[in-house]
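See below for the structure under consideration.
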Amino acid sequence: FFIFPVVLKASTGLGDLGMGEQLHGLVIKRQFVSNKYVANALIDMYGKCGCLHDAKMVLETMPERNCVSWNSIVTACAASGVAFEALEYLEKMESLGGLMPNIVSWSAAIGGFTQTGYDEEALELFHVMLAAGVEPNARTLATVLPACARLKAWFSGREIHGYVTRHEYMSNAFVINGLLNVYRRCGDMHNALKIFLKFSIRNIVAFNTMIVGYCENGEVGKAKELFDGMDLARICKDTITWNSMISGYIDNGKYEEALNMFRHMQTKEGVEADTFTLGSALNACADMAALRQGKQIHAYAIARCLQTNAFVGGALVEMYCRCHDLAAAQMAFNGITDRDLTSWNALISGYSRCNKAEDIDNLFHKMRAEGLEPNSYTWNGMIAGHIENGHMESVLRLFSKMQSMNLKPD
RNA sequence: UCCAGCUUCGCU
């Protein structure tokens with residue numbers, strides 16, 4: 001009766017589907033399924049465990065549904081990645097259930113879109129919600145802001161900024177940092193700084209966002225100031241902080257600084273270089289054609305067993321190719337455990353740049369034999385290599401071959 | 001009983 005919802009919630013939290021199913025059986029035996037609270041908890045449990053079908057079954061068989069029942073099914077769809085179906089249930093809630101969607105319903109449906117990359121749809125639905133006279137809460141804002149950021153929807157960000165200013169109570173870290181990120185993605189560091197200074201969240205994520213923003217804006221000096229200022233603010237730098245600063249230096253052509261930072265990082269307690277760190281550091285070596293330093297990082301990668309990772313491996317391949325050491329590149333490639341298209345692309349463009357036309361055909365076929373189809377990067381890499389080596393006839397030949405494979409040039 | 005992608009990386 002009263003304890004089933006609570007116990008079901010616990011099994012949901014643990015992601016324990018088996019336990020949830022057992023409870024379902026028990027609930028049926030005792031005829032508690034007709035209880036709204038119990039049934040709603042069941043919908044939620046199935047939804048979160050990825051059993052959308054079972055969640056729907058519960059919804060359909062329960063004698064009467066309330067707002068939470070519909071919200072749970074909307075959430076279930078969103079969690080299963082079927083955003084448009086979530087939207088359908090939002091509509092059915094009103095048409096079939098005769099209930100008006102509340103803020104939870106709207107937020108859940110919007111979340112369905114942001115989680116699957118339908119950013120325009122998420123933002124559009126957010127505006128539909130506002131037009132319907134429903135006031136957003138902090139969670140709603142935290143859900144739409146990443147979509148705004150990716151879309152570089154400065155105006156929507158401004159709108160939410162104004163809203164948050166008028167309703168201070170909803171300015172939690174998720175919202176403020178989300179807003180900060182919208183401005184930084186729009187390249188508007190002026191407004192980003194305003195928010196950063198005005199709202200006193202200023203946690204590690206806020207610092208990291210600002211550092212990235214300044215680096216992208218060509219203001220590495222400002223980024224470094226913030227980086228150094230973190231100790232004073234008594235914020236402990238994490239791997240993301242270091243990675244952001246390192247790749248920021250690289251993007252601004254300051255390779256030496258990037259590698260110094262990488263070395264500095266290794267002396268610090270509590271932070272470990274990860275695949276991002278190594279990938280970035282290797283890119284710096286590739287751009288400088290610094291084979292010696294690249295090899296050092298390679299050794300470090302092996303010591304940490306990170307050379308099998310596709311990202312690090314790809315960066316190694318790239319680095320060796322830039323240094324014209326194809327044998328080493330091939331070895332690094334072979335060491336990648338789960339190679340993907342990008343690994344192949346790196347190797348192919350390397351062979352191409354080094355004028356090894358015969359090997360490319362070979363690689364090309366091996367790649368397809370592994371079930372991977374060339375994409376535009378593959379072709380660009382091959383073509384760019386031929387151009388560098390002055391084989392204009394081959395370029396034209398490749399170009400027509402590419403078109404015969406139904407790929408459009410870009 | 002229901003709603004959260006806060007920030008960093010790779011192949012032209």
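Lettering of chains follows the sequences in order, A, B, ..., and the numbering in each one begins at 1.
Dashed line: the shortest gap from a side-chain N or O of A:Asn208 to OP1 or OP2 of B:U8 is not under 4.0 Å. A sub-4.0 Å separation between OP1 or OP2 of B:C2 and a side-chain N or O of A:Lys9 is present. Taking 4.0 angstrom as the limit, A:Lys237 places none of its side-chain polar atoms (N or O) nearer than this to OP1 or OP2 of B:U8.
Between the P atom of B:C9 and the CE atom of A:Met261 lies a distance of 17 Å, rounded to the nearest Å. Note: NE2 (A:His386) to C1' (B:U12) measures 15 Å, nearest angstrom. Distance A:Ile176 CD1 to B:A4 C1': 15 Å, rounded to the nearest Å. Put simply, CZ on A:Phe227 is 15 Å from C1' on B:U7, counting in whole angstrom units. Taking atom CZ on A:Phe113 and atom P on B:A4, their separation rounds to 16 Å, with Å as the unit. Between A:Asn283 atom CG and B:G10 atom C1' the separation is 6 Å, expressed in whole Å. Taking atom CZ of residue A:Arg139 and atom C1' of nucleotide B:C2, one finds them 10 Å apart after rounding to whole Å. For the pair A:Asp238 CG and B:C6 C1', the interatomic distance rounds to 13 Å; values are reported in whole Å.
Nucleic acid contact for A:Ser244: sugar-phosphate only, since backbone atoms but no base atoms lie under 4.0 Å from a heavy atom of the residue. Residue A:Ser72 is classed as a sugar-phosphate contact, given heavy-atom separations below 4.0 Å to backbone atoms only. Using a 4.0 Å heavy-atom distance criterion, A:Asn172 is classed as a base contact. As judged by a 4.0 angstrom heavy-atom cut-off over every strand, A:Arg150 is placed among the base-contacting residues. A:Gly117 comes within contact range of at least one nucleobase, with a heavy-atom separation under 4.0 Å. Residue contacts for A:Ala315: at a heavy-atom cut-off of 4.0 Å it reaches no nucleic acid atom on any strand shown.
For the segment residues 335-342 of chain A, residues with any heavy atom less than 4.0 angstrom from an atom of RNA chain B are, sorted by number, A:Asp340, A:Thr342.
Side chain of A:Tyr37, nearest nucleotide from B:C11, B:U1, B:G5: B:U1. Taking every side-chain heavy atom of A:Asn181 into account, B:C6 is the closest of B:C9, B:C6, B:U1. Listed nucleotides: B:C9, B:C3, B:C2. Nearest to the side chain of A:Ser247: B:C9. In the set B:U8, B:C2, B:A4, the nucleotide with an atom closest to the side chain of A:Ile240 is B:U8. If you check B:U12, B:C6, B:C9 against the side chain of A:Phe174, the one that comes closest is B:C6. Residue A:Ala41 has its side chain nearest to B:U1 when only B:U8, B:A4, B:U1 are considered. The side chain of A:Pro146 lies closest to B:C6, out of B:U1, B:C6, B:C9. The listed nucleotides are B:C3, B:U8, B:G5; the one nearest the side chain of A:Phe276 is B:U8. The A:Thr209 side chain lies nearest to B:U7 when the options are B:U7, B:A4, B:U8. For A:Thr75, counting side-chain heavy atoms from C-beta on, the closest listed nucleotide (B:U8, B:C2, B:C9) is B:C2.
By the 6.0 Å and 45° rule, A:Lys401 stacks over the aromatic ring of A:Phe364. A cation-pi arrangement is present between A:Lys92 and A:Tyr89 under the rule of less than 6.0 angstrom and at most 45 degrees off the ring axis.
Under the 6.0 Å cut-off for aromatic ring centres, A:His190 and A:Tyr183 do not qualify, their centroids lying 6.0 Å or more apart. Here A:His53 and A:Tyr46 keep their ring centres 6.0 angstrom or further from each other.
Under a 4.0 Å N-O distance rule, the pair A:Glu318/A:Arg322 qualifies as a salt bridge.
Annotation: salt bridge (charged side-chain N to carboxylate O under 4.0 Å, His left out) contacts of A:Arg368 (sequence neighbours excluded): A:Glu373.
Around the CZ atom of A:Arg30, the shell of radius 6.0 Å holds no more than 12 heavy atoms that belong to other residues, nucleotides or ligands.
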Fill in: Derivation and outcome, side chain to side chain donor-acceptor pair (under 3.5 Å), residues A:Tyr255 and A:Gln293
CA-CA 11 Å; A:Tyr255 303 114; A:Gln293 314 197 70; over 6 Å; no

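Ring geometry for A:Phe32 versus A:Phe4: interplanar angle of 30 to 60°, hence tilted.
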